[in-house]
Amino acid sequence: MSKELAVLATIGAGCAVAAQAPINNVLSKHVGSLGAASVSFAVGLVCLLILTFAFGGGLGGSEGVDSPAWYYWIFGGLAGVTIVTITLITVRELGAGGVTAATIAGQLTLSLVLDRLGVLGLEERVITWDQMLGVALLTAGTVLIVRT
């Protein structure tokens, strides 16, 4: 995949994420917050299983490749539960724009730290002054969006 197509696909996914919290919030009024998160994950699980078996070759691993540490098996799901549940609750106070801004600020800040440390399978990268300025501007933008 080209870098341009990757950016466009990620923008599309970001648009879906921006709509996810408000949609789950509406659903939560009928089934509760945890019920809405559960429905979200159940539908996602079914979709992913279909994609995995239809296009991804199933759940078989690569032979000769060691299994990752136990936390790699668990943390992705826990992070997903956290983002879906927290955003469907906080969207009531922050709105879709505020939730999205705060989420991106958190993601960008931690992602730069993870890159710098070279952990979780990432190559170590230097944090530049431009990147730090970007985080500062994003933080300022988040404050401006959520304070109204």
Side-chain angles (χ1 to χ4, degrees), residues 1-125 127 131 134-135 137-139 141-148:
M1 176 182 295
S2 71
K3 185 176 273 190
E4 294 80 12
L5 183 57
V7 168
L8 290 174
T10 304
I11 289 170
C15 290
V17 169
Q20 183 181 29
I23 288 168
N24 286 340
N25 181 48
V26 170
L27 184 58
S28 76
K29 293 175 183 167
H30 300 282
V31 297
S33 294
L34 294 178
S38 296
V39 168
S40 177
F41 273 90
V43 171
L45 175 62
V46 169
C47 292
L48 279 173
L49 285 173
I50 290 169
L51 291 171
T52 297
F53 286 96
F55 303 107
L59 295 173
S62 301
E63 289 193 33
V65 176
D66 290 336
S67 180
W70 65 269
Y71 49 85
Y72 284 99
W73 292 95
I74 296 170
F75 187 75
L78 293 177
V81 166
T82 301
I83 190 68
V84 168
T85 304
I86 295 298
T87 59
L88 82 85
I89 294 168
T90 59
V91 73
R92 299 168 192 158
E93 179 67 27
L94 301 177
V99 164
T100 301
T103 299
I104 293 169
Q107 288 174 327
L108 183 60
T109 301
L110 183 58
S111 68
L112 288 178
V113 171
L114 295 175
D115 279 343
R116 176 65 186 103
L117 296 174
V119 296
L120 301 177
L122 298 170
E123 295 291 325
E124 187 175 328
R125 296 175 186 245
I127 297 176
Q131 290 171 326
V135 169
L137 291 171
L138 184 56
T139 301
T142 299
V143 169
L144 293 173
I145 289 171
V146 301
R147 76 176 189 178
T148 58

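Computed from a predicted model, the values in this text were never measured in an experiment.
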Scanning both residues in full, the closest heavy-atom pair of Leu5 with Ser2 reads N-OG, 3.1 Å
Tell me whether the count of non-hydrogen atoms from other residues, nucleotides or ligands lying under 6.0 Å of CZ in Arg92 goes above 12. yes
Check Leu88 against Ser28 and note the closest heavy-atom contact, atom names and distance. CD1-CB, 3.9 Å
What pair of heavy atoms forms the shortest contact from Pro68 to Trp73, and how long is it? O-NE1, 3.4 Å
Within-4.5 Å side-chain heavy-atom neighbours: Leu59 and Thr52: yes
Could you tell me the separation between the CD atom of Gln107 and the OG1 atom of Thr109, rounded to the nearest 0.5 Å? 10.0 Å
Residue pair Phe41 / Val81: nearest heavy atoms and the distance that separates them: CZ-N, 3.3 Å
Spatial distance of atom OG1 (Thr103) from atom CG (Leu108) [nearest 0.5 Å]: 12.5 Å
Find the distance between CD (Glu124) and CG (Asp115) and round it off to the nearest 0.5 Å. 10.0 Å
When every non-hydrogen atom of Val146 is compared with those of Gly98, the smallest separation belongs to CG1-CA, 3.6 Å
Looking at every non-hydrogen atom in both residues, tell me the closest pair between Ala96 and Ala18 and how far apart they are. CB-O, 4.0 Å
Side chains of Thr85 and Leu34: closer than 4.5 Å at any heavy-atom pair? yes
Between the OG atom in Ser38 and the CG atom in Leu45, the distance rounded to the nearest 0.5 Å is 12.0 Å
Rounded to the nearest 0.5 Å, what separation is found between the OG atom of Ser111 and the CD1 atom of Ile104? 11.0 Å
Spell out, as yes or no, whether a donor-acceptor pair under 3.5 Å connects the side chain of Ser40 to the backbone of Ala36. no
Measure the shortest side-chain to side-chain distance between Phe55 and Ile50 over non-hydrogen atoms and say whether it is less than 4.5 angstrom. no
When Ile89, Thr87, Ile145 are each screened for side-chain contact (heavy atoms from CB on, under 4.5 Å) with Val99, the one that passes is Thr87
Please report the interatomic distance OG1(Thr82) to CZ(Phe75), rounded to the nearest 0.5 Å. 7.0 Å
